> 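To start, I am sharing the structure in question, which I have written as structure tokens.
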2 protein chains.
Amino acid sequence: MNIGEIAKRAGVSRSTVSYALSGKRPVSEDTRRRIQRVVDELGYRPSASARALANGRTSTIGLVFPPAGNHYTGMQLDFIGSVVEAAAVYDYDVLLSPSGVDSDRSFQRLLGERRVDGAILMEIRLEDDRVDHLAALDFPSVAIGRTAHPEGGWWVGLDHTALVEACVHHLADLGHRRVAFVNRPEQLLRTGYESAHRGLDGFTKAAAERGLTVRTYCCGDDATSGQACVERILHDDPATTALVTLNEAALGGLYRGLAQAGRHVPRDFSLTGVVANRWAETVTPQLTAADVPAAAMGRLAVELLVERLDHPGAAPRHHLLTPPISLRASTGPAGTAPTIDAGPGTTP
Amino acid sequence: MNIGEIAKRAGVSRSTVSYALSGKRPVSEDTRRRIQRVVDELGYRPSASARALANGRTSTIGLVFPPAGNHYTGMQLDFIGSVVEAAAVYDYDVLLSPSGVDSDRSFQRLLGERRVDGAILMEIRLEDDRVDHLAALDFPSVAIGRTAHPEGGWWVGLDHTALVEACVHHLADLGHRRVAFVNRPEQLLRTGYESAHRGLDGFTKAAAERGLTVRTYCCGDDATSGQACVERILHDDPATTALVTLNEAALGGLYRGLAQAGRHVPRDFSLTGVVANRWAETVTPQLTAADVPAAAMGRLAVELLVERLDHPGAAPRHHLLTPPISLRASTGPAGTAPTIDAGPGTTP
DNA sequence: CTAGCTTCGCGAACCGGTTCGATGAAGCGA
DNA sequence: TCGCTTCATCGAACCGGTTCGCGAAGCTAG
């Protein structure tokens with residue numbers, strides 16, 4: 001079931017079979033058909049390894065994302081799905097590599113053993129050794145997210161700063177004066193996780209512009225942490241009337257915490273943030289939020305990578321996305337001073 | 001940067017380098033060290049394609065799941081994550097293949113071009129041509145889910161029938177007499193999707209045993225459909241006091257529909273079902289449910305596959321899991337007849 | 001001193017494709 | 001009919017590893 005077998009049965013040489021199948025040199029219509037018939041009869045498909053060895057291309061791209069320790073979020077799933085699907089369009093397979101950092105064994109395999117033609121990196125940090133390393137090697141790669149110095153790089157990113165600013169302005173316009181920010185877990189912030197930092201920057205900047213009284217919190221990526229976070233917020237400043245969040249996994253817990261504190265959304269309390277569409281629509285009332293266009297980002301990343309693979313030396317390109325805020329039902333005008341008697345956890 | 005280069009610099013032959021690195025034949029400690037030093041200095045790593053071609057093993061396993069058309073669910077993400085992680089332990093990479101059926105191009109690539117040593121299949125149907133095909137080829141594979149005839153196969157599955165039965169009994173024990181079943185989308189049921197069918201079977205069987213009045217529904221995999229589904233349920237039989245669901249993506253919508261109909265959970269209405277842990281804890285009140293042990297299943301699938309790869313001809317093995325129901329807060333005793341005046345959508 | 005055994009390393013073949021240069025036949029104008 | 005081009009095909013080399021068989025030292029024992 002190898003190319004020699006096909007050649008023998010079709011009565012031609014191996015090279016002729018190769019040319020007939022690849023079309024890289026003309027082959028007479030007659031022999032082409034004869035070869036094709038044998039190929040179809042035997043269901044022959046050329047070995048990917050042999051081809052990869054011969055022409056130096058694996059037709060595979062690597063998708064690099066951190067290991068599951070920190071729970072996968074819905075967004076990551078959307079990225080993975082859209083990358084796989086877009087890659088299929090260009091006849092690429094996708095190899096998954098769970099690597100947080102440059103030195104991971106899995107990452108080394110991908111590069112050192114030349115398993116992939118190019119890579120797409122997720123979960124970018126502001127200072128990201130993986131990005132730096134790949135750039136230094138001039139290895140074809142595209143980041144989903146951007147580092148502190150994205151100039152001259154290939155990436156598709158979300159303007160978290162602008163997005164969170166828009167959220168803050170939206171709340172300020174509605175009259176909210178005391179607003180909390182619910183960020184991703186502290187550990188991610190410490191590691192320099194991009195969205196957490198840029199989101200926080202946007203929050204701080206817009207809050208200052210509008211003269212708001214604010215507090216910022218880190219929150220674990222799960223419902224229980226979200227609930228606890230709301231309790232902390234209302235304990236620290238019971239007069240808080242709104243929050244902005246980047247943490248979609250905690251969203252359900254945030255709602256639960258508010259409900260248990262007797263705050264009605266959106267009458268007593270407004271929520272907004274930057275969240276994947278599917279989550280925003282799952283909670284009740286549905287979340288007014290800047291929807292993360294995860295599927296589009298995955299697709300764009302693949303397109304950039306394919307372009308880079310097809311035209312080595314092409315000038316770096318990127319996409320910075322700023323989706324609009326989808327007005328749903330979780331924000332409303334700040335009412336009179338909230339009723340402080342309602343919530344638990346206000347003990348000094 | 002190939003093995004010949006290493007050999008030259010270390011002053012030995014290519015084969016010696018190969019043996020020194022693989023350890024498949026003894027090499028004197030002296031030359032082994034000399035080779036290792038050169039390898040370290042140059043950061044040499046053997047090419048995966050060349051190795052794969054030479055010894056016929058790619059050190060890659062394929063993970064086959066249906067394309068995104070039908071939204072990815074959280075469970076799928078957990079499967080993917082745990083499979084990737086478990087595979088890394090055994091030094092396997094994971095290649096993603098979005099294939100619903102046997103004839104998909106992506107599926108053909110995986111097999112025909114020998115890109116992977118083995119495969120793990122997700123989203124199994126009762127009659128699944130992919131499973132049959134792989135079995136006929138004796139290609140090493142493990143299914144996450146089981147077909148109608150799982151005998152002699154390699155798989156790890158969930159006993160949906162027993163799980164849903166347990167849910168029904170739980171509700172019946174609480175005094176519920178009119179119960180609805182919210183299944184996955186109709187299209188999945190029609191295609192023979194395993195969990196939808198077995199879950200439905202369990203529901204029907206247990207309901208008959210307990211003499212319950214029941215209705216069954218199909219529901220799209222999103223919150224909006226869930227909401228609509230609750231409206232239909234309460235319209236069809238306003239006296240319904242409980243439901244069982246397999247549809248985690250619709251869960252938020254189910255809660256929303258109940259809230260809008262004025263039914264309080266769990267006072268007026270009980271919910272339970274088979275759902276991934278993370279979703280059960282996201283909703284308020286948290287869902288009493290049989291938690292799908294997705295991470296464990298992914299891990300077990302990899303372990304079975306590795307065993308099958310290491311011992312060709314080993315007797316088929318499988319794991320059928322039946323996790324217990326986690327009692328949370330979404331079910332309670334059936335009260336007096338529910339207040340019919342509350343809900344909308346009751347117009348004839 | 002030599003027969004016999006180990007140890008260590010070498011060269012060559014092989015895995016299954018791709019690609020380049022060469023060759024022979026056919027076509028064509030002079 | 002000869003020389004020149006064009007076209008279709010072939011053989012061989014190559015990609016970068018692995019693996020098998022063999023032989024040269026070095027050692028031990030008789």
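Small disclaimer: the values here were computed from a predicted structure and weren't measured. Labels below follow one simple rule: chain letters A, B, ... track the order of the sequence lines, proteins then strands, and each chain is numbered from 1.
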> CD of B/Glu5 versus C1' of D/dG16: gap in Å, rounded?
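Atom-to-atom, B/Glu5 to D/dG16, this comes out as 13 Å.
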> Would you find a donor on one side and an acceptor on the other, under 3.5 Å apart, between the side chain of A/Asp78 and the backbone of A/Met75?
no
> Is there a donor-acceptor contact under 3.5 Å from the side chain of A/Arg299 to the main chain of A/Ser82?
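Such a contact is absent between A/Arg299 side chain and A/Ser82 backbone.
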> Is the shortest side-chain N/O distance from B/Thr31 to OP1 or OP2 of C/dG9 below 4.0 Å?
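Looking at the OP1 and OP2 atoms of C/dG9, one of them is under 4.0 Å from a side-chain N or O of B/Thr31.
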> Regarding A/Ser18, tell me which of base, sugar-phosphate or nothing describes its non-hydrogen contacts under 4.0 Å with the strands shown.
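Base contact.
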> Salt bridge or not between A/Asp40 and A/Arg33? Use side-chain N to carboxylate O under 4.0 Å.
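Salt bridge: no.
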> Collect all protein-nucleotide pairs involving nucleotides 11-15 of chain C in which both atoms are nitrogen or oxygen and the distance is under 3.5 Å.
from, atom 1, to, atom 2, distance (Å)
C/dG11, O6, B/Ser15, OG, 3.1

> Would you find a donor on one side and an acceptor on the other, under 3.5 Å apart, between the side chain of B/Trp154 and the backbone of B/Arg308?
no
> From CZ of B/Arg114 over to P of C/dG16, roughly how many Å is that when rounded to an integer?
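Going from B/Arg114 (CZ) to C/dG16 (P), I get 7 Å.
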> Show the distances under 3.5 angstrom between N or O atoms of the protein and N or O atoms of nucleotides 22-25 of chain D.
none

> Round to a whole Å and report the spacing from CD1 of A/Ile3 to C1' of C/dT19.
12 Å
> Under a 4.0 Å N-O cut-off, is there an ion pair linking A/Arg130 with A/Asp104?
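A/Asp104 and A/Arg130: not salt-bridged.
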> Quick check on DNA chain C: between B/Asp30 and A/Pro46, whose nearest nucleotide comes earlier from the 5' end?
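Its nucleotide being nearer the 5' end, the pick is B/Asp30.
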> Can you tell me how far C1' of D/dG17 sits from NZ of B/Lys8, to the nearest Å?
16 Å
> Is any NZ, NE, NH1 or NH2 atom of the basic residue among B/Asp93 and B/Arg115 found under 4.0 Å from an Asp or Glu carboxylate oxygen of the other?
no
> Using only atom types and a distance under 3.5 Å, with no angle test, would you say the side chain of A/Asn2 pairs donor to acceptor with the backbone of A/Glu5?
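Checked: pair present.
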> Show, in sequence, the C-alpha distance, side-chain angles and deciding distance for A/Thr58 and A/Arg114, and conclude whether the side chain to side chain contact (heavy atoms under 4.5 Å, CB included) test is met.
CA-CA 8 Å; A/Thr58 60; A/Arg114 281 144 290 169; 5.8 Å; no
> Does B/Arg9 have more than 12 heavy atoms from other residues, nucleotides or ligands lying within 6.0 Å of its CZ?
no
> For B/Ile6 and D/dT18, give me the distance from atom CD1 to atom P, rounded to whole Å.
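Distance, rounded to whole Å: 12 Å.
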> When you measure from the side-chain N and O atoms of A/Lys24 to the phosphate of C/dT19, is any distance below 4.0 Å, counting only OP1 and OP2?
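Indeed, a polar side-chain atom of A/Lys24 lies that close.
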> With DNA chain D as reference, determine whether B/Arg51 or A/Pro26 sits nearer its 5' end, using the nearest nucleotide of each.
A/Pro26
> Taking atom C1' of C/dG17 as reference, at what distance in whole Å does atom CZ of B/Arg115 sit?
13 Å
